[in-house]
Amino acid sequence: MRCLTIIAFVYILRDAGAYGKTRRSEILEQETRLAVGGNTNLTEQEDAVNNCLMQAKFRECDYGFTNPQYFNFSHHYFSYMEIIKHSKVYRMIKDIPKGAALHVHDMAMLSPDYLLNVTYMDYLYVCFEQNTVKLRFSKAAPKDTCAIKWQLMKNARKHSGDIEKFDEKLRKHFTLVCDHPDETYPTIKESWDTFLGYFGTVAPMLSYRPVWEQYFYDALKAFREDNIMYVEVRSVLPDLYELDGTTYDPVVTAKAYKKSIKRFMKDYPDFLGAKIIYAPSRLVDRQQLGVYLETARRIKKEVPEIFAGFDLVGPEDQGNPLIEFVPQLEEAGKDLNYFFHAGETDWYGTLTDDNLVDAILLGAKRLGHAYALPKHPILMEEVRKRDIGLEVNVISNAVLSLVRDVRNHPLALFLAQGLPVVLSSDDPGVWEADPLSHDFYVAFVGVASRLSDLRLLKTLALNSLKYSALDGADKINAVDKFSQRWNDFIVNFNCSKY
Ligand SMILES: *[C@@H]1O[C@H](CO)[C@@H](O)[C@H](O)[C@H]1NC(C)=O
Ligand SMILES: *[C@@H]1O[C@H](CO)[C@@H](O)[C@H](O)[C@H]1NC(C)=O
Ligand SMILES: *[C@@H]1O[C@H](CO)[C@@H](O)[C@H](O)[C@H]1NC(C)=O
Ligand SMILES: *[C@@H]1O[C@H](CO)[C@@H](O)[C@H](O)[C@H]1NC(C)=O
Ligand SMILES: [Zn+2]
């Protein structure tokens, strides 16, 4: 902001307010250079790729510009998600190396079809209630309350009479996607209620230890296939359990992560790895937060190589604001890195909005969403000065009712002002999106400037490594591996393939 003001002032002195063609183009050029990716130079080969990409992007943007009624990005994501696969830009983005996914929640990384497959495993019990379904693996009928009765999923499916219909109905509990999103989710209340309902349904099923370990392995596989090299995953670290009812504490869950990551790296040595951010619920009191922080320290001690830091999750408007916990978090911040969700709200001037100032003053390395940041000019400067990565999740913000027309997403401002942005996908499985490609696509065509090009995509991918919790040699190695991957993509690019 300040930078722009100074530039404008210099021009006023020079041209004394006169409108000049030179001045006009200089201003526009300055702004291009200020924007994320604006200072990157492309090689000749990259230029050729860029021309192909931009031809397709212009076609999509300009069609929407002249036919605003068909501009899909101004509608609900669910109404156009199916058509995306026909987009040339999207298909190129799928193949582009995207670096890392730094903001994803573990139980929301894979599709409803994957979860439906899990329900075919032995020993899964089900309890159908009014509008919800309870799922739990067990040797014998689970002890948890059930309004009607627990039955083996296998039997329920068999006796349903119509397996296809049974599965179709069951699958609805594993996704937010629906045919009439505007009626199903008129406000943030409905979208968040359904969203939290999803976690309530899947958490007890996924916390069965063998499923948990396999789920994360398969999630990494899906992310790798989307041309992602590294993942930082947020986890509430639920207590895992065995068929006989034995349960473990969160440190065991963290160790299960280490095991899955190790196995995955052995099978896919080109992958750079994964780390966890312990992110329990923010809907707790100070005493419980103290327990969480103690757990975080134990995990850091037990599995330091995969532990990135700490965060708090849940509906930010309803949870406790960070200020409630400042003394505790300040103390714990001596040992823990913070990656707080902050400012995931439309409520200006509320305690939720204030989470941004507390997260920054508590020394957060990155901010989750930072959606409300543009309303805080001083904090914008702090973000720039402290070089805090902003983890932006456009589709999530649209689906969870913060913004309708993604052209109004604050990411546009972050990009224009050259802030340290990384793109992520939050909970892609819940809205049946790709691990990262759909978010890149919507951001690139729907949010960023019409003129933003391959330089933006390359910078966003590099940012995801730069702002990752990888340190020292690991980060250098990551950037190096990325550059190789990027060059391979450029060298092998074939425009007519798309
Ligand atoms: C890109 O090229 C321009 C003009 O030649 C130069 O001013 C700028 O410093 C270069 N940027 C980088 C990142 O090398
Ligand atoms: C938006 O989606 C419709 C189909 O619902 C499609 O016909 C149209 O071409 C799309 N618009 C753009 C700009 O892609
Ligand atoms: C579900 O299982 C079927 C049969 O084993 C398999 O073909 C399919 O790929 C699986 N789907 C997912 C999303 O894992
Ligand atoms: C590029 O792709 C097209 C269509 O798939 C193919 O016909 C052509 O041979 C490819 N060109 C090169 C140089 O590989
Ligand atoms: Zn999140």
Side-chain angles (χ1 to χ4, degrees), residues 73-81 103-105 107-108 112 115 128-134 147 169 171-204 234 236 279-285 311-324 340-356 368-375 391-411 424-433 439 442:
F73 298 102
S74 62
H75 298 278
H76 196 289
Y77 178 69
F78 297 165
S79 70
Y80 67 90
M81 57 185 281
H103 187 124
V104 285
H105 297 273
M107 287 187 254
L115 296 172
F128 290 105
E129 292 184 336
Q130 191 85 33
N131 295 311
T132 57
V133 52
K134 290 180 173 167
K169 229 174 122 190
R171 189 187 183 278
K172 285 201 167 72
H173 294 280
F174 302 147
T175 181
L176 254 63
V177 176
C178 61
D179 290 335
H180 304 287
D182 295 324
E183 283 138 54
T184 310
Y185 310 113
T187 73
I188 191 168
K189 165 105 177 81
E190 292 80 12
S191 49
W192 263 95
D193 282 354
T194 313
F195 183 55
L196 293 176
Y198 164 90
F199 288 102
T201 302
V202 305
R234 281 168 165 86
V236 299
S281 169
R282 68 189 321 130
L283 297 156
V284 295
D285 59 18
D311 181 16
L312 290 166
V313 297
E316 212 181 322
D317 286 332
Q318 291 161 37
N320 277 316
L322 288 175
I323 184 131
E324 179 76 15
F340 290 123
H341 278 72
E344 186 186 8
T345 185
D346 275 329
W347 289 100
Y348 185 19
T350 59
L351 283 172
T352 323
D353 194 38
D354 287 350
N355 279 339
L356 281 167
H369 295 289
Y371 184 89
L373 187 67
K375 295 163 188 163
E391 307 163 345
V392 176
N393 310 281
V394 175
I395 297 176
S396 169
N397 299 150
V399 169
L400 295 176
S401 311
L402 287 186
V403 61
R404 166 62 186 224
D405 185 330
V406 297
R407 285 171 295 177
N408 293 324
H409 194 285
L411 170 64
S424 199
S425 52
D426 212 7
D427 310 277
V430 188
W431 28 89
E432 303 182 36
D439 276 89
V442 171

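All residue numbers in this chain count up from 1 along the given sequence.
Take L196 and apply the side chain to side chain contact (heavy atoms under 4.5 Å, CB included) test, not counting sequence neighbours, and it matches W192, P315. In terms of the ring-ring contact (aromatic ring centres under 6.0 Å, His included) criterion, residue partners of H105 (sequence neighbours excluded) are, by chain and number, H103, H341. For E190, there are no salt bridge (charged side-chain N to carboxylate O under 4.0 Å, His left out) partners at least two apart in sequence or on another chain. Contacts of S74 classified as side chain to side chain contact (heavy atoms under 4.5 Å, CB included), with partners at least two apart in sequence or in another chain: F71, D405, R407. In this view, E344 satisfies the salt bridge (charged side-chain N to carboxylate O under 4.0 Å, His left out) rule with no residue, not counting sequence neighbours. By the side chain to side chain donor-acceptor pair (under 3.5 Å) test, D346 pairs with no residue at all, sequence neighbours left out. Here P280 pairs with Y278, Y292, F310, L312 under the side chain to side chain contact (heavy atoms under 4.5 Å, CB included) rule; sequence neighbours left out. Applying the side chain to side chain contact (heavy atoms under 4.5 Å, CB included) rule to V236 yields the partners M107, P238, V313; only residues at least two apart in sequence or on another chain are considered. When the ring-ring contact (aromatic ring centres under 6.0 Å, His included) test is applied to F199, the partners found at least two apart in sequence or on another chain are F195. Listed by chain and residue number, nothing satisfies the ring-ring contact (aromatic ring centres under 6.0 Å, His included) test with F174 (two or more places apart in sequence, or in another chain). With sequence neighbours left out, the side chain to side chain donor-acceptor pair (under 3.5 Å) criterion links S424 to no other residue.
Considering only heavy atoms from C-beta on, T201 comes within 4.5 Å of V133 through its side chain. With contacts defined as side-chain heavy-atom distances shorter than 4.5 Å, the pair V202/L115 qualifies. Between V442 and H409, the closest side-chain pair of non-hydrogen atoms is not below 4.5 Å. Proximity of F340 to N355: side-chain heavy atoms (C-beta onward) are nowhere separated by under 4.5 Å. The shortest side-chain heavy-atom distance between V394 and N397 does not fall under the 4.5 Å cut-off. Looking at S425 and V104, their side chains come closer than 4.5 Å, going by heavy atoms from C-beta outward.
In this structure, A372 and L356 approach most closely via the heavy-atom pair C-CD1, 3.7 Å. In terms of heavy atoms, G368 sits closest to E391 at CA-OE1, 3.2 Å. Nearest heavy atom pair, residue S281 against residue L283, reads OG-N, 3.0 Å. A pairwise comparison of heavy atoms in S191 and S401 identifies OG-OG, 2.7 Å as the closest pair. The two residues H75 and Y80 have their closest heavy-atom pair at O-CE2, 3.7 Å. Contact between P374 and A370 at its shortest, heavy atoms only, is CD-O, 4.3 Å.
At most 12 non-hydrogen atoms from other residues, nucleotides or ligands lie less than 6.0 angstrom from NZ of K169.
The backbone N or O of N393 lies less than 3.5 Å from no partner atom in the side chain of D439, so there is not a single donor-acceptor pair.
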Side chains of residues 178-185: which donor-acceptor partners sit under 3.5 Å, not counting sequence neighbours?
unit_1	atom_1	unit_2	atom_2	d
D182	OD1	R404	NH1	2.7
T184	OG1	H180	O	3.0
Y185	OH	L176	O	2.5

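Within the model, atoms CG of L402 and CG of N408 stand 12.5 Å from one another, a figure rounded to the nearest 0.5 Å. Here OH of Y77 is found 4.0 Å from CD1 of I395. Values are rounded to the nearest 0.5 Å. With values rounded to the nearest 0.5 angstrom, T352 atom OG1 is found 14.0 Å from Y371 atom OH. In this structure, D353 CG and W347 CH2 are separated by 11.5 Å, a value rounded to the nearest 0.5 Å.
Ring pair H76/F78: centre-to-centre distance below 6.0 Å.
Between E324 and R282 there is no salt bridge, since no side-chain nitrogen of the basic residue lies less than 4.0 Å from a carboxylate oxygen of the acidic one.
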